[in-house]
Every structure is written in C-alpha cells, then in structure tokens.
There are 2 protein chains.
Amino acid sequence: MMIVHEVSELTGVSIRALHIYDRMGLLPASQKTESGYRLYDDAALERLQQVLLFRELDFPLKDIRKIIDSPVFDRNKALEQQIELLKMKKEHIENLIDLARGIQLRGVKHMNFDAFDTKKLDEYARQAKESWGSTPEWKEYEQKSAGRTVEDNRNLADRMMAIFTEMGQIRDQDPAGEKAQQLVKKLQDFITENMYTCSDQILSGLGKAYAGGGSMNENIDKAGGEGTGEFAHRAIEAYVQGRK
Amino acid sequence: MMIVHEVSELTGVSIRALHIYDRMGLLPASQKTESGYRLYDDAALERLQQVLLFRELDFPLKDIRKIIDSPVFDRNKALEQQIELLKMKKEHIENLIDLARGIQLRGVKHMNFDAFDTKKLDEYARQAKESWGSTPEWKEYEQKSAGRTVEDNRNLADRMMAIFTEMGQIRDQDPAGEKAQQLVKKLQDFITENMYTCSDQILSGLGKAYAGGGSMNENIDKAGGEGTGEFAHRAIEAYVQGRK
DNA sequence: AGTTGACTCTGACCTTGCGTCATAGTTTAC
DNA sequence: GTAAACTATGACGCAAGGTCAGAGTCAACT
C-alpha cells in the first residue's frame, strides 16, 4: 500500500490529479485510513498505467473511465488500439519534423498545412472510443448505474467480493460441484441485476479475466484466498458447458 | 486575401480560434473590411504556420506571441529548437509504444512509469522559452509596450510603414545617398523610441530580414513598391558601415 | 428590388484538467 | 510534546477554446 506522495513520486502524476481521479471514479483509492488518507495497492497502479496510456492519447478523462469500466473492456484490444494511435501520432510528428526541415532549407514560401492535419488520427480515436462506449451492455450499465454514488459503487463491489469469499471457502472442492455451481449462478444473477445482462458467453469471458493474472484475479484472490480466481474460472466453465 | 472560412479550411484551425488569435495579437488579421470581416494575406499565413509549430509543442499561446514578436526573433534558431523538441516528443512516443508492447507480451506485472516521464522535454522547452523571453531587448520592449492597445500597435506599424513608403519613393536613387541615409536614421530612432534600443548591429540584422524574402520583405515591398526591402537593406548597410 | 441562405461579428457563458491557496486535521521524529 | 512535513477538503483561477444568442452582411436567385 502506498500513499499519495509515493504514488505521485513513482508515476509523475501530481497529488492534485490523484485527488481528482479518485473523486471522479477514474482511479479510486483502494482504501482509506480512518483519518481519510488515500491508500493505493498494486491493482490501482495497474489501472493507473492504463489511464496514463489513454491520457497520453488525449482521451477525455470521462471517456477513459467509461472505457476502462466498460463491462466488455478487453485490455488486449485496448492495447492494440493504443499502439495504433501512438503510431499515428509518431507519424504526425515525423511529418512536422519534415515540414520544419523543409522551411529551414527552402524557406517558407510554398506553404503546406497538411502536416497539421489530424483528421485521420481524430477519426480513429473516435472509432476506438465508440467501440467501447456504445455496446448495448455498456448502455444498460450506464442506465442502471445512473444516480449511484461512489458509496453505492463501493457497496456493490463489496457485495460481489462477498460472493468470491464464499467461493474461496470451497475452493478445495469440485468446481463442478453443486455448491460451486450455485455460487456461479448467484454471481451471474447479481451482475445481471446490478450491472448488465450477463449472458453465459459474457460470464465465460469474465471467468477468463478472473484467472488471467490481472488485477481482477488479484482482487478475487484477496477476497477468497490464493487460487480463488482460478477456481472461479473453472466453476464458470463447468456451469456454461453444463447449460449448452 | 482570404476570409476566416477559407483560412480555417486551409489550415484546420477553427474560426473561433482565429478570432481569439486575432484579439490577443497572436495572429492579427492583416486587414478588416468596413463591415468588420477579417482578411488574411500570405504574411499572416506564414505567421500562422510558425504559430502552429509552437502550438504543436504545447507552448502557451501567450509565450508564442512573445517569442514571435521578440525583437531578436530568429526564425532559423526557432526552427532548430522546434525540430529538437519534436525529436524528443517522437522519442517519448516510441517509449510509450515499447511500453504498450511490453504489456502485451509480458503482462502488466513489472510496472514501469518511466515512459510517462516528460522532465527532459519540459526542461528543454523551458530553456527554449527563456532563450527568447529574457533578452534585454525583449524586456525593454515589454516595458515600452505595456498598456498599449491593439489600436496603438496598429498605429505604430502604420507609422513605421510610412517610413518605408518614403524609402520606396527614392529606391531608384543611391542607397548611400543623403536622403536614404536620413531615412535610415529616422527608422533607427523610431524603433529605439517606440520599441527597443536599436543599436547599429541590431539595425543591420533587421536589414537582412527586410531583404530576406520573408513576410517582412513582402510587407515592405507592399508599402514602398517592389524592391523597397532590398533597397532598405542596402541603405542600412551603407549607414552602418559609414559609422564604424 | 426583395428575399433567402450561408456567412460574419461580438459577447457571454460553459468545459476540462488541472495549479494554487487557505484552513484544518495527522503522522513522524526528536 | 511540539515542530516539521504530510494529508484532506473546498474554493477559486486559468488556458484554450466550444457553444449559443442576437445582429449585421454578402451573394444569388427571383
């Protein structure tokens, strides 16, 4: 756990910015001390890295939040898009360098403003945003979460984690067993009720993230003990297979 | 002469932005019609190109104005600095691409925020700004021009152009002749009085710009007729040589 | 000449992503 | 136990425009 100063030092993000990211839900502090000090764990740092990549690309913070919190967010797809955008930005800068060199050599006479043109880049960025921000799942989530406070959200997260705690308690048993399957159904219902319609397919996708070694996996293991994410993944697979 | 719409189309700068650049003196319209429509000539477009290069580098507009209006502004030095900064920016983006690729391959585990660090770039930009904004000539100019309105500035420009109009009328005579030399002295005094102490050396530097084919040269030829800039250059050289 | 539609102007207010206090509570270190 | 160095919240400021309203202008067609 790190405090604001340390996070700021490590990442170069100002404390003020961290406050703002916290309040707007873009990067909520993982915890707060009794006296209200913000504490950040590794999962938060991972998230911050994602945020900074999008920020480099001049995405509005609100959109970054939308994207990262999107129920269908896929880190790999995001990275691909980011790399593509970064390449375009690099090309843009190369064009500007050429322009400047041209002026140095041949003077300013034959003017050309093409190098300042960012239409392609903007268009691609718009598409990238849309690909995250306009899925039906997201729209549903947006509706259901409209009017929720930060408190509410933390509450929901807690209730979801409670399910994983239950799973953790039986993680030495059969993932296809009755208890585990009940918990998977409970999870699916919870998501459908509070976030977005969680089809078997989406559930399966979530399962992969639970065991994928990312921040979700960590959080789940923290709630249920080492290996809970992996167990959840297997339980979900069994559940989905059993319903086909 | 182009109107705002055309300039906006050509350069990708919004009309609103052009309004702002005009009002703040960053890019004053070359002329206005009786009804107040802004008109831009080629010199304005050249200036806009400079502005956009600095803007790409995230210089504050106020600073851009300062730099470009600096009495010791040197386009070539500016271009060199701009190219250097663009290269650094390009490197920065390359680092980000590497970071993103690294996450793709090896996951997010070993975090590294170095790629987001912009200290070197910021530092260089600061130095570049300082190299323009803190010459004694500029400070003097700043003092003398404090409190001047846009009107005042246009007025000064007109009075200066009037001197070139006079020069234009004798541009078929000897640049080292008495009349021409009187006009050069008048010019030097005018600059010293209204802008900054114009030493013979600085005057000589200005002379080169008058004949250099840039926007100054154009403006002068417009005021005094084709070849006036060249004539002014020669007259100034004779004047400076004669005083050594 | 009149009208219409596309422009233009100015001015006022809104927005984003912070920086900068001010004020007040907290932790740490001696 | 007190000083120094943090932290939190809140209010305000700022840059660089976007957006909208109200009013004037220009070009073209009828």
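Predicted model only: the values in this text are computed from it and were never measured. Numbered from 1 within each chain, the chains take letters A, B, ... in sequence-line order.
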| query | Over how many whole Å does the gap from B:Ile3 atom CD1 to D:dT25 atom P extend? | reply | 15 Å

| message | Please confirm whether the shortest side-chain N or O distance from A:His19 to OP1 or OP2 of D:dT9 is below 4.0 Å. | response | no

| Under 4.0 Å between a side-chain N/O of B:Tyr21 and OP1 or OP2 of D:dA16, yes or no? | no

| query | Which is true for B:Thr33 with a 4.0 Å heavy-atom rule: it touches a base, it touches only sugar-phosphate, or it touches nothing? | reply | nothing

| message | I want to check a possible cation-pi pair here: B:Lys32 against B:Tyr37, using under 6.0 Å from ring centre and within 45° of the ring axis as the test. | response | no

| Side chains of B:Leu85 and B:Phe54 in contact at under 4.5 Å (non-hydrogen atoms) | no

| query | Under 4.0 angstrom, heavy atoms only, what part of the nucleic acid is B:Ile20 near: base, sugar-phosphate, or nothing? | reply | base

| task | State whether the distance check finds a donor on one side and an acceptor on the other, under 3.5 Å, for side chain B:Arg16 versus base D:dT19. | result | yes

| Side-chain N,O (B:Ser35) to OP1/OP2 (D:dC26) below 4.0 Å | yes

| query | Would one find a side-chain N or O of B:Arg38 under 4.0 angstrom from OP1 or OP2 of C:dT8? | reply | no

| query | Hey, does the side chain of B:Lys32 come within less than 4.0 Å of C:dT10's phosphate (OP1/OP2), counting only N and O? | reply | yes

| query | Would one find a side-chain N or O of A:Arg55 under 4.0 angstrom from OP1 or OP2 of C:dC18? | reply | yes

| DNA chain D: B:Tyr37 or B:Phe59, which has the more 5' nearest nucleotide? | B:Phe59

| Considering only side-chain heavy atoms of A:Ile15, which listed nucleotide, D:dA8, C:dT8, D:dG18, is closest? | D:dA8

| Taking for each residue the nucleotide of DNA chain C with the nearest heavy atom, is it A:Met24 or A:Glu34 whose nucleotide lies nearer the 5' end? | A:Met24

| task | Identify whether the distance between the nearest side-chain nitrogen and carboxylate oxygen of A:Arg126 and A:Glu123 falls below 4.0 Å. | result | yes

| field | Donor + acceptor pair across side chains of B:Thr197, B:Glu140 (<3.5 Å) | value | yes

